[in-house]
Q: 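I'd like to ask you about the structure that follows.
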Amino acid sequence: MSEERSLNFLEEIVEGDLSTGKHTSIHTRFPPEPNGYLHIGHAKSICLNFGLADKYGGKTNLRFDDTNPVTEETEYVESIKQDVRWLGFDWEEEHFASDYFDQIYAFAINLIQKGLAYVDDMSAEEIAANKGTPTEAGKESPARNRSIEDNMTLFTAMKDGKYNDGEKVLRAKIDMASPNMHMRDPIMYRIKKTSHHRTGDKWCIYPMYDFAHGQSDSIENITHSICTLEFEVHKPLYNWYIEQLGIFASHQFEFARLNLTYTVMSKRKLLQLVQEKLVDGWDDPRMPTISGLRRRGYTSASIRNFCDRIGVQRRENIIDVGLLEFFIREDLNKIASRRMVVMDPIRLIITNYPENQTEILRSENNPEEENNGGYRELPFGRELWIEAEDFQETPHKKWFRLAPEQKVRLKSAYIVTCTGFKKDENGKVTEVYCEYIPESKSGQDSSGIHVKGTIHWVSCEHACDAEVRLYDRLFNVENPSDEEGDFKTYINPTSLQIITQAKTEPVLLEAQPENHFQFIRKGYFCIDSKYSTPEKLVFNRTVTLKDTWAKESNR
RNA sequence: UGCCCGAUAGUAUAAUGGUAGUACGACAGAUUUUGGUUCUGUUUGUCUUGGUUCGAAUCCAGGUCGGGCAACCA
């Protein structure tokens with residue numbers, strides 16, 4: 001089934017480690033900080049970590065990197081778990097860095113007793129000032145040569161809450177002249193008298209990322225600790241702690257994070273959009289979050305396929321958001337039920353069709369499926385809603401929809417010939433008149449007439465009203481973070497268009513939140529899980545159909 | 001101006017010293033009761049300069065360009 005693919009660099013590393021016997025099995029982990037919602041960039045990491053373990057018969061843990069109580073919340077923990085599951089992955093073990101606080105504390109004591117850590121009393125500003133610059137060595141703190149006994153006493157006092165935030169820190173004694181800034185006596189522990197979402201007020205000192213992450217990996221026997229490129233400079237420190245502590249040697253490997261055109265991906269920026277109410281929450285369908293994509297109508301399979309296709313490398317990249325759209329169209333084309341919905345309705349009156357007559361026609365659910373995915377019933381009558389844009393008074397040269405005297409097929413119904421139209425006082429066409437050809441009925445057409453155009457329609461008498469939300473990219477520049485000034489000035493003002501009076505065929509009343517639809521000739525849609533009610537349906541457009549006519553007509 | 005990383009069509013991604021291939025996009029055509037889908041074809045690329053070699057996208061050296069690093073964030 002699966003095509004033959006060459007190995008990515010992480011797979012090569014894993015295969016190497018397995019074949020040399022360095023490891024007999026592999027263990028990865030996905031380590032989000034619960035301070036925001038997961039986005040498509042995390043999906044790449046999730047697919048990587050779970051995919052790698054799965055491919056080589058290993059295991060993957062879910063671990064929450066919750067070492068900073070100021071930013072973390074249980075709400076985020078729950079959403080992260082839901083999103084990982086929705087993406088189709090199940091973790092081996094669930095952990096929290098906070099579960100290891102006792103052990104990490106013991107690691108700190110261990111380093112103090114080896115003379116490799118000391119309590120510093122300088123302020124944050126002083127420490128920064130003494131750190132030097134990338135081209136200049138830092139200065140050693142006067143506290144650096146405190147005795148082990150003093151350090152023990154002071155660190156215990158820190159833990160016991162004898163000091164306020166910022167008064168003391170525990171630092172590793174490494175090298176203030178290192179060319180790697182992270183090795184210049186990095187901070188291991190800081191005081192934060194803040195309640196933690198899991199440990200409450202048990203602790204008032206919390207380990208820094210660097211003094212928690214590698215140790216957590218080690219405790220869980222993670223063999224391959226995969227993270228993004230910006231952590232590359234942390235690796236020497238990651239290794240230093242593990243070495244000095246003499247614990248299981250996990251190894252860190254870095255890959256380039258995902259960037260998408262017309263999208264921002266940093267949690268900080270996404271949080272801003274949410275807090276400043278520029279979007280409707282983390283799950284706004286325009287957000288690149290997993291929950292946003294889900295609400296928009298993306299399938300988890302399409303996201304997995306996307307992540308698989310973009311691969312993994314160590315070079316910076318920005319991927320065309322069109323590729324994501326390709327994968328969702330590919331998936332939805334196979335599974336979405338076809339329905340007819342008119343978004344900008346005008347009346348089409350079939351003058352030679354009997355008044356008060358209704359016919360029940362049938363139409364295939366999905367021509368891509370076996371047996372057309374079954375059929376649904378479609379009421380047809382003398383007056384129909386059609387799209388205003390499907391009629392042109394003076395047609396474009398390659399136009400093959402409705403125009404005076406032109407013929408068109410009404411999808412799954414009859415061929416009609418346009419005989420006239422009516423305009424209102426503003427010159428807008430409000431009604432189009434036509435005559436139908438009784439012998440041209442869909443499925444039993446004996447008319448011998450072939451038309452180029454087919455349009456969708458909904459019976460006026462049977463139509464249901466619905467709200468339809470059309471989404472476009474959130475930003476109108478390719479790389480908002482690259483532009484001058486505030487990224488928010490590049491928000492696309494028309495990224496959400498709400499159509500309140502769309503006309504739908506009656507079977508859509510049965511639509512369920514998990515259903516995917518193709519509104520014929522319009523795009524893929526789903527029920528909005530947040531605002532749709534049985535009384536008032538609200539649909540989200542997942543993505544448009546490819547539209548070669550739009551290109552042609554714009555020439 | 002220190003350290004680290006990277007550079008293959010428009011965007012991604014292969015080729016692991018031996019024919020630069022694939023996907024998306026773009027363009028053209030065929031099919032089509034969705035201007036959708038499907039099918040066919042076309043198009044565009046190894047950052048640069050040297051070196052090693054019978055042979056270099058691949059190895060080496062210099063350059064150029066891009067990214068990261070100076071939070072008591074992760």
Side-chain angles (χ1 to χ4, degrees), chain A residues 3 5-8 12 31-33 35 65-68 70-72 120 123-124 127-129 131-138 165-171 178-184 187-192 205-206 208-210 212-213 227-236 254 256 261 267-268 309-327 329-330 333-334 338 340 363-364 367-368 398-401 408-413 415 440 442-443 445 450-456 518-523 544-553:
Chain A
E3 59 194 292
R5 287 273 287 272
S6 48
L7 302 178
N8 65 46
E12 281 180 11
E33 183 189 11
N35 68 345
D65 226 336
D66 55 350
T67 56
N68 185 357
V70 177
T71 56
E72 296 151 6
D120 200 347
S123 68
I127 289 180
K131 197 150 196 181
T133 67
T135 53
E136 240 181 293
D165 290 16
E167 268 186 73
K168 300 257 185 289
V169 288
L170 183 70
R171 301 179 72 178
S178 170
N180 183 333
M181 298 296 286
H182 295 274
M183 298 299 272
R184 319 242 266 225
I187 292 165
M188 295 162 59
Y189 265 94
R190 76 291 213 195
I191 301 168
K192 276 185 193 284
I205 57 169
Y206 294 92
M208 297 287 290
Y209 164 84
D210 285 305
H213 200 94
C227 62
T228 48
L229 241 27
E230 67 267 27
F231 290 100
E232 199 171 16
V233 284
H234 294 245
K235 185 149 66 180
E254 311 85 19
T261 55
K267 263 191 203 172
R268 205 193 92 246
R309 194 68 190 79
I310 59 176
V312 49
Q313 260 306 340
R314 286 172 60 82
R315 47 176 171 255
E316 298 294 325
N317 59 78
I318 180 156
I319 292 177
D320 191 337
V321 72
L323 188 63
L324 220 208
E325 293 174 351
F326 164 79
F327 280 103
R329 286 193 186 105
E330 181 190 49
N333 178 49
K334 289 182 296 196
R338 272 55 172 173
M340 294 203 277
S363 187
E364 72 274 11
E368 304 297 317
K398 288 184 184 169
W399 181 256
F400 41 87
R401 281 119 91 158
V408 80
R409 159 77 63 184
L410 297 173
K411 172 71 182 168
S412 296
I415 293 173
S440 67
S442 189
D445 187 346
H450 291 284
V451 292
K452 270 186 163 172
T454 299
I455 63 172
H456 61 281
Q518 185 197 99
F519 292 175
I520 290 179
R521 304 206 303 135
K522 286 281 148 192
T544 59
L545 254 27
K546 269 175 59 175
D547 191 351
T548 49
W549 165 249
K551 278 185 209 162
E552 176 68 35
S553 60

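Below, chain A is the first sequence line, B the second, and so on; all start at residue 1.
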Q: Under a 3.5 Å limit for both distances, which nucleotide forms a Watson-Crick or G-U wobble pair with G21(B), could you say?
A: U13(B)
Q: For the backbone of F327(A) and the side chain of R309(A), can you confirm whether one donor and one acceptor N or O come within less than 3.5 Å of each other?
A: no
Q: Looking at G35(B), I'd like to know if its phosphate oxygens (OP1 or OP2) sit under 4.0 Å from a side-chain N or O belonging to R521(A).
A: yes
Q: Pick base, sugar-phosphate or nothing for F326(A), based on heavy-atom distances below 4.0 Å to the nucleic acid.
A: sugar-phosphate
Q: Does K235(A) have a side-chain nitrogen or oxygen under 4.0 Å from the phosphate oxygens OP1 or OP2 of C5(B)?
A: no
Q: Which one is paired to U40(B), where only Watson-Crick or G-U wobble pairs with both distances under 3.5 angstrom count?
A: A28(B)
Q: Under 3.5 Å for both donor-acceptor distances, Watson-Crick or wobble: does C59(B) have a partner, and if so which one?
A: G51(B)
Q: Checking contacts here: which listed nucleotide (U1(B), A12(B), C73(B)) is nearest the side-chain heavy atoms of N317(A)?
A: A12(B)
Q: For L229(A), answer base if it contacts any base atom (sugar-phosphate contacts may also be present), sugar-phosphate if it contacts only those atoms, and nothing otherwise; contact means non-hydrogen atoms under 4.0 Å.
A: nothing
Q: Just to confirm, is there a sub-4.0 Å distance from OP1 or OP2 of C3(B) to any side-chain nitrogen or oxygen of S178(A)?
A: no
Q: Distance check, P atoms only: U1(B) and G62(B), in whole angstrom units.
A: 16 Å
Q: For A70(B), give its Watson-Crick or G-U wobble partner with both distances under 3.5 Å, or none.
A: none
Q: Go through the N and O atoms of the side chain of R409(A) and the base of U33(B), and report whether any donor-acceptor pair is under 3.5 Å.
A: yes
Q: Among U8(B), A74(B), U34(B), which is the nearest nucleotide to the side chain of Y209(A)?
A: A74(B)
Q: So if I take every side-chain heavy atom of P179(A) and compare against G2(B), G35(B), C73(B), which nucleotide ends up nearest?
A: G2(B)
Q: Specify the residue among W549(A) and D165(A) whose closest nucleotide of RNA chain B lies further upstream toward the 5′ end.
A: W549(A)
Q: Could you tell me whether G443(A) contacts a base, only the sugar-phosphate backbone, or nothing, with contacts defined as non-hydrogen atoms closer than 4.0 Å?
A: base
Q: Using only modelled atom types and a 3.5 angstrom limit, is any donor from either the side chain of E232(A) or the base of G6(B) paired with an acceptor on the other?
A: no
Q: Give a yes or no on whether a donor-acceptor pair under 3.5 Å exists between the nucleobase atoms of G35(B), that is its base, and the side chain of R401(A).
A: yes
Q: Counting only side-chain N and O atoms of Q313(A), is one of them less than 4.0 Å from OP1 or OP2 of U8(B)?
A: no
Q: Over all strands shown, is E368(A) touching base, sugar-phosphate only, or nothing at heavy-atom distances under 4.0 angstrom?
A: base
Q: Going by atom types alone, do T228(A) and E254(A) pair a side-chain donor with an acceptor below 3.5 Å?
A: no
Q: Name the pairing partner of C65(B), where a pair is Watson-Crick or G-U wobble with both distances under 3.5 Å, or state none.
A: G6(B)
Q: Which part of the nucleic acid does D547(A) contact within heavy-atom distance under 4.0 Å: base, sugar-phosphate only, or nothing?
A: sugar-phosphate
Q: Can you identify which nucleotide, out of A12(B), U34(B), A74(B), has its nearest atom closest to the L545(A) side chain?
A: U34(B)
Q: At 4.0 Å (heavy atoms only), tell me whether N180(A) reaches a base, stays on the sugar-phosphate, or touches nothing.
A: nothing
Q: Using only modelled atom types and a 3.5 angstrom limit, is any donor from either the side chain of R329(A) or the base of U37(B) paired with an acceptor on the other?
A: no
Q: With respect to the phosphate group of A74(B), does any side-chain polar atom (N or O) of R190(A) fall under 4.0 Å of OP1 or OP2?
A: yes
Q: Does OP1 or OP2 of C5(B) have a side-chain N or O of R314(A) closer than 4.0 Å?
A: no
Q: Regarding Y189(A), tell me which of base, sugar-phosphate or nothing describes its non-hydrogen contacts under 4.0 Å with the strands shown.
A: nothing
Q: Taking the P atom in each of U48(B) and U37(B), what is the distance between them to the nearest angstrom?
A: 37 Å
Q: Base of U33(B), side chain of S442(A) - is there a donor-acceptor contact under 3.5 Å?
A: yes
Q: Parallel, tilted or perpendicular: which describes the rings of F231(A) and Y209(A), with under 30° parallel and over 60° perpendicular?
A: tilted
Q: Does T454(A) put a side-chain nitrogen or oxygen below 4.0 Å from OP1 or OP2 of G35(B)?
A: no
Q: Between U43(B) and A28(B), how many Å separate the two C1' atoms, rounded to a whole number?
A: 10 Å
Q: Taking any heavy-atom pair under 4.0 Å as a contact, classify K192(A): base, sugar-phosphate, or nothing.
A: sugar-phosphate
Q: Side-chain N or O of K334(A) less than 4.0 angstrom from OP1 or OP2 on U37(B)?
A: no
Q: Would you indicate which nucleotide in G36(B), A74(B), A14(B) comes nearest to any side-chain atom of S6(A)?
A: A14(B)
Q: Is it the case that A71(B) (base atoms only) and H182(A) (side chain only) share a donor and an acceptor within less than 3.5 Å, ignoring hydrogens and angles?
A: no
Q: Ignoring backbone atoms, test whether K546(A) places a side-chain nitrogen or oxygen under 4.0 Å from the OP1 or OP2 oxygen of G25(B).
A: yes
Q: What nucleotide among G35(B), C24(B), A70(B) has an atom nearest to a side-chain atom of T548(A)?
A: G35(B)
Q: Side chain of R521(A), backbone of M340(A): donor and acceptor closer than 3.5 Å?
A: no
Q: Could you tell me whether F400(A) contacts a base, only the sugar-phosphate backbone, or nothing, with contacts defined as non-hydrogen atoms closer than 4.0 Å?
A: base
Q: T67(A) near the nucleic acid: base, sugar-phosphate alone, or nothing, with a heavy-atom cut-off under 4.0 Å?
A: sugar-phosphate
Q: Could you check whether I318(A) gets within reach of a base, just the sugar-phosphate, or nothing at all, counting any heavy atom under 4.0 Å?
A: sugar-phosphate
Q: Give me the distance, rounded to whole Å, that separates U8(B) from G45(B) when you measure between the P atoms they each carry.
A: 14 Å
Q: Record whether the side chain of Q518(A) comes under 3.5 Å of the base of U34(B) through a donor-acceptor pair of N or O atoms.
A: yes
Q: Pick the C1' atom in G17(B) and in G10(B), then give their distance to the nearest Å.
A: 30 Å
Q: Taking only the P atom of each, what is the distance from C47(B) to G66(B) in whole angstrom?
A: 16 Å
Q: Name the nucleic acid region contacted by P367(A), choosing base, sugar-phosphate or nothing; use a 4.0 angstrom heavy-atom cut-off, strictly under.
A: base
